[in-house]
Undergrad: 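Pasting a structure here, questions to come.
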Amino acid sequence: MENQLGLLRIRIIRGINLAIRDLRSSDPYVVVSMGKEKLKTRVVKRNVNPEWNEDLTLCIAEPILPIKLQVYDKDTFSRDDNMGDAEIDIVPFIDAVRTTLFKNIPNGIIISRIMPSRQNCYSEKSCIIYENGKVVQNMFLRLRNVECGEIELQLQWTDIHSSKNL
């Protein structure tokens with residue numbers, strides 16, 4: 001049986017300059033998957049800069065798998081169009097959560113910084129912060145396999161039971 005670590009809340013905040021897949025716009029939604037878990041946001045009609053502000057929660061277990069994001073354009077009469085994808089390696093985030101477990105860390109401290117590189121989808125520096133007793137990471141991800149677009153999201157750790165498994 002796999003070892004449950006905790007719950008990861010992913011807030012899908014917004015899309016920025018997403019690709020146009022219909023006549024003048026798109027009807028985008030985001031599918032978040034990790035292993036066999038799959039969650040999706042609602043569809044935002046006719047908007048290439050959609051605001052979702054939607055919370056999706058994934059159960060994190062060992063081994064820690066990357067989180068995949070797929071953006072699609074909802075179509076009524078044909079298959080939904082692909083609008084790009086991104087991937088997040090959450091190992092640095094889980095390591096930051098483990099760091100905060102047994103230490104008295106002051107509020108607002110930056111635990112770790114992740115710089116954009118060819119190996120990741122970050123479009124700018126992202127900080128993992130200890131805020132109000134929670135580990136939080138805000139990020140902008142560049143979508144791959146598409147002509148343009150970014151997704152803004154936030155990760156927040158939620159304990160299942162006092163994180164004794166970490």
Side-chain angles (χ1 to χ4, degrees), residues 3-20 26 28-35 37-41 44 47-72 82-159 163 165-166:
N3 191 0
Q4 301 288 321
L5 299 179
L7 299 174
L8 180 66
R9 192 198 76 197
I10 303 166
R11 173 166 286 163
I12 307 290
I13 299 170
R14 65 190 176 124
I16 303 156
N17 190 27
L18 299 179
I20 294 173
S26 292
Y29 66 94
V30 181
V31 175
V32 176
S33 60
M34 188 178 89
E37 285 186 88
K38 202 175 243 184
L39 303 163
K40 67 177 171 191
T41 66
V44 176
N47 199 331
V48 292
N49 293 291
E51 300 262 344
W52 285 286
N53 290 312
E54 229 170 286
D55 289 344
L56 306 173
T57 303
L58 289 171
C59 188
I60 307 299
E62 297 277 14
I64 298 164
L65 302 168
I67 293 173
K68 295 177 177 13
L69 287 93
Q70 285 277 162
V71 183
Y72 292 101
N82 189 358
M83 293 175 67
D85 63 271
E87 195 171 281
I88 312 165
D89 174 11
I90 59 162
V91 170
F93 185 83
I94 301 299
D95 288 347
V97 169
R98 289 180 168 137
T99 301
T100 62
L101 285 180
F102 308 105
K103 297 190 177 102
N104 189 6
I105 294 179
N107 192 37
I109 195 128
I110 296 173
I111 303 163
S112 172
R113 287 180 180 84
I114 298 163
M115 302 307 280
S117 74
R118 287 196 177 91
Q119 284 74 47
N120 65 36
C121 293
Y122 292 94
S123 58
E124 58 183 58
K125 178 177 78 178
S126 176
C127 294
I128 302 172
I129 301 170
Y130 188 71
E131 210 169 55
N132 304 320
K134 295 198 178 289
V135 178
V136 175
Q137 182 180 3
N138 293 301
M139 62 183 78
F140 288 89
L141 298 177
R142 210 176 31 253
L143 295 173
R144 304 178 295 195
N145 306 311
V146 68
E147 58 272 24
C148 59
E150 289 182 45
I151 296 286
E152 180 184 359
L153 55 104
Q154 181 192 69
L155 303 182
Q156 184 178 302
W157 187 252
T158 308
D159 291 335
S163 295
N165 293 337
L166 285 169

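Counting begins at 1 with the first residue of the sequence.
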Undergrad: Any donor-acceptor pair under 3.5 Å linking the side chain of T41 with the backbone of V30?
TA: yes
Undergrad: For the CD atom of E124 and the CD atom of E150, what is their distance to the nearest 0.5 Å?
TA: 7.0 Å
Undergrad: Passes side chain to side chain contact (heavy atoms under 4.5 Å, CB included), E51 versus V44? Steps please.
TA: CA-CA 8 Å; E51 300 262 344; V44 176; over 6 Å; no
Undergrad: Evaluate the side chain to side chain contact (heavy atoms under 4.5 Å, CB included) criterion for residues V135 and I128: first the C-alpha distance (whole Å), next the side-chain angles of each, then the deciding distance (0.1 Å), finally the verdict.
TA: CA-CA 7 Å; V135 178; I128 302 172; 3.6 Å; yes
Undergrad: If I take atom CD from residue Q137 and atom CD1 from residue I110, how far apart are they, to the nearest 0.5 angstrom?
TA: 11.5 Å
Undergrad: Donor-acceptor pair, S26 side chain versus A19 backbone, under 3.5 Å?
TA: yes
Undergrad: Just wondering, are more than 12 heavy atoms of other shown residues or ligands nearer than 6.0 Å to CZ in R113?
TA: no
Undergrad: Are L153 and L69 close enough, and set up right, to give a side chain to side chain contact (heavy atoms under 4.5 Å, CB included), and what steps lead you there?
TA: CA-CA 11 Å; L153 55 104; L69 287 93; 3.5 Å; yes
Undergrad: Name the one of I13, L141, I12 that satisfies side-chain contact (heavy atoms from CB on, under 4.5 Å) with E152?
TA: I13
Undergrad: Between N49 and N17 (side chain of the first, backbone of the second, donor and acceptor by atom type, cut-off under 3.5 Å), is there such a pair?
TA: yes
Undergrad: State, to 0.1 Å, how close I151 and G15 come at their nearest heavy-atom pair, and which atoms those are.
TA: CD1-CA, 4.1 Å
Undergrad: Without swapping roles, check the side chain of R14 against the backbone of P50 for a donor-acceptor pair under 3.5 Å.
TA: no
Undergrad: What distance separates D85 CG from L143 CG, expressed to the nearest 0.5 Å?
TA: 7.5 Å
Undergrad: Nearest 0.5 Å please: distance from the CD1 atom of I90 over to the CG atom of L58.
TA: 7.5 Å
Undergrad: Mind checking whether F140 and P116 have side chains closer than 4.5 Å, heavy atoms only?
TA: no
Undergrad: Quick one: CG on L65 to CG on D89, what's the gap to the nearest 0.5 Å?
TA: 10.5 Å
Undergrad: Got a donor-acceptor contact below 3.5 angstrom from the N138 side chain to the Q154 backbone?
TA: no
Undergrad: With the side chain counted from C-beta on, respond yes when M34 and I60 share a heavy-atom pair under 4.5 Å apart, and no when they do not.
TA: yes
Undergrad: Got a donor-acceptor contact below 3.5 angstrom from the E37 side chain to the C59 backbone?
TA: yes
Undergrad: Determine the minimum heavy-atom distance between R144 and A86, stating which atoms define it.
TA: NH2-C, 3.9 Å
Undergrad: Which atom names give the shortest non-hydrogen contact between Y122 and M139, and what distance separates them?
TA: CE2-CB, 3.7 Å
Undergrad: Carefully, step by step, assess F93 and L8 under the rule side chain to side chain contact (heavy atoms under 4.5 Å, CB included).
TA: CA-CA 10 Å; F93 185 83; L8 180 66; 3.4 Å; yes
Undergrad: Between K68 and E87, is the closest basic N to carboxylate O distance under 4.0 Å?
TA: yes
Undergrad: State the CD-CG distance between E147 and L18, to the nearest 0.5 angstrom.
TA: 10.5 Å
Undergrad: So, for P92 and I114, which heavy atoms are closest and what is the spacing to 0.1 Å?
TA: CB-CD1, 4.0 Å
Undergrad: Tell me the closest heavy-atom pair linking L5 and W157, and the distance in Å.
TA: O-CZ2, 3.5 Å
Undergrad: Testing the basics here: between R9 and T57, what is the closest heavy-atom pair and its distance to 0.1 Å?
TA: CG-OG1, 4.1 Å
